[in-house]
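Everything numeric here is computed off the predicted structure, so don't read it as measured data.
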Amino acid sequence: MSTLLNDHEKQIFAAWLQALKADGALSSGRIQEGELQTQCAAFLRLLRDALQSGSLNVDAPSFGPVRDFLTDLSASRGMQGFSPRETAIFVFSLKQPLFDASAHVDTADELGRLRSNWEIGLLLDRLGLLTMETFQKTREGVIVRQQQELAELSTPVIKLWDGILALPLIGTLDSERTQSVMENLLEAIVQQSAEIAIIDITGVPMVDTLTAQHLLKTIAAARLMGADCIISGIRPQIAQTMVHLGVELTVVSKATLADAFLLALTRQGRSVVRNRSKYDVAAASPQKA
């Protein structure tokens, strides 16, 4: 294989590049032809150098640069949004050019040619699997990071007034998300020196026993930090469900966030008063004849 790459590198490179184009390697627009050519040339050079050691074991030290190249390539493509097929085809499309080049080599040992093609196929299969494993790990890392970012965005802690925080919850509460909610709320209580925290569950589709337990844990943690909690957004359907399940929230609850905010202001000794506008004054004053 090393001799094959040395003697027919240009032909193999041209056929490989043509195969990649035919398979749509450039159709997505994520990579330009010049960059693809550079990647192909670099991989062929590293593969040729690795094969000169006489080993076909991709785990051997001689294949270290090849593994590093494919790992970086797969991770980069995984971050850029390439599909699994677009990533795997980079290695697997090299098979046919190598088979074709091997067929043009003059040899009387047909069994040796078959053995050579078999070894070529096995080697590229192993390298292709390495490529896909790296790609999969990269994509899983991206998904986990996006889930964490969405969880943070879906549990914002908002300052409504001095000493009053609001935590609007959207979606289902599970153990992992409850931990994130609790951490965000406790950090905000410390930073804002908050006395009252309003937990709004208008966006929670269903409150069952498990969800109620998660809420109670969050409320208990907030109380330990010195902040009272008020639950708002309990819709009639949720209230009926909680009654049927026998769920009891040992905390003051209000139907709307506005009602909870008004209660929080009252607890602080504040009140909401409407100022009379100029239109109200004009309407109250007697009209001139």
Side-chain angles (χ1 to χ4, degrees), residues 137-276:
K137 290 179 181 178
T138 303
R139 293 303 300 167
E140 289 175 355
V142 171
I143 293 173
V144 170
R145 187 177 69 254
Q146 290 175 343
Q147 289 176 339
Q148 292 174 347
E149 293 174 351
L150 287 174
E152 293 176 357
L153 290 174
S154 63
T155 55
V157 181
I158 305 169
K159 180 180 178 181
L160 297 180
W161 203 264
D162 291 337
I164 302 177
L165 300 177
L167 177 63
L169 298 179
I170 300 174
T172 305
L173 280 177
D174 54 20
S175 299
E176 183 177 354
R177 190 174 176 214
T178 300
Q179 184 65 29
S180 176
V181 169
M182 192 181 301
E183 291 176 358
N184 292 343
L185 179 59
L186 297 183
E187 289 178 2
I189 290 174
V190 173
Q191 293 174 359
Q192 304 291 337
S193 299
E195 304 170 357
I196 300 175
I198 301 173
I199 302 177
D200 184 74
I201 61 173
T202 304
V204 177
M206 181 182 65
V207 176
D208 53 13
T209 305
L210 185 60
T211 304
Q213 290 177 355
H214 292 321
L215 285 174
L216 291 175
K217 289 180 181 178
T218 303
I219 293 169
R223 285 175 173 171
L224 289 175
M225 299 300 297
D228 290 331
C229 290
I230 303 174
I231 299 292
S232 67
I234 298 181
R235 301 187 302 276
Q237 298 85 348
I238 291 181
Q240 293 178 11
T241 302
M242 293 174 66
V243 169
H244 290 313
L245 294 176
V247 176
E248 294 184 5
L249 293 177
T250 57
V251 64
V252 177
S253 61
K254 290 293 182 180
T256 64
L257 179 59
D259 294 336
F261 182 43
L262 181 60
L263 176 61
L265 290 175
T266 303
R267 288 185 176 182
Q268 289 187 336
R270 297 185 173 95
S271 61
V272 179
V273 179
R274 178 180 179 181
N275 291 328
R276 300 181 66 186

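- Nearest heavy-atom pair across I201 and L169 is CG2-CD1, 4.2 Å.
- Note that CG of L265 and CG of D162 are 10.5 Å apart. Values are rounded to the nearest 0.5 Å.
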Under 3.5 Å donor-acceptor pairs involving side-chain atoms of residues 137-144, not counting sequence neighbours:
residue	atom	partner	partner atom	Å
T138	OG1	T134	O	2.9
R139	NH1	G78	O	2.7

Name the atoms and distances for all side-chain donor-acceptor pairs under 3.5 Å in residues 209-218, with sequence neighbours left out.
residue	atom	partner	partner atom	Å
T211	OG1	D208	OD1	2.7
T218	OG1	H214	O	3.1

L257 and T202: CA distance, side-chain angles, deciding distance, side-chain contact (heavy atoms from CB on, under 4.5 Å) verdict: CA-CA 9 Å; L257 179 59; T202 304; 5.8 Å; no
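- Within the structure, side chain to side chain donor-acceptor pair (under 3.5 Å) pairs that include any residue of residues 253-265 comprise T256-D259 (at least two apart or interchain).
- Closest approach of P168 to A166, counting heavy atoms only: CD-O, 3.5 Å.
- Residues passing the side-chain hydrogen bond (donor to acceptor under 3.5 Å, both in side chains) test with R270 are Q268, sequence neighbours excluded.
- Here the closest heavy-atom approach between residue V157 and residue A188 is recorded as CG1-CB, 3.3 Å.
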Side-chain donor-acceptor distances from residues 220-232 under 3.5 Å, at least two apart:
residue	atom	partner	partner atom	Å
R223	NH2	T250	O	2.9
S232	OG	D200	OD1	2.7

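- Shown here are the side-chain hydrogen bond (donor to acceptor under 3.5 Å, both in side chains) partners of E187, two or more places apart in sequence or in another chain: there are none.
- To the nearest 0.5 angstrom, L165 atom CG is 7.5 Å from L160 atom CG.
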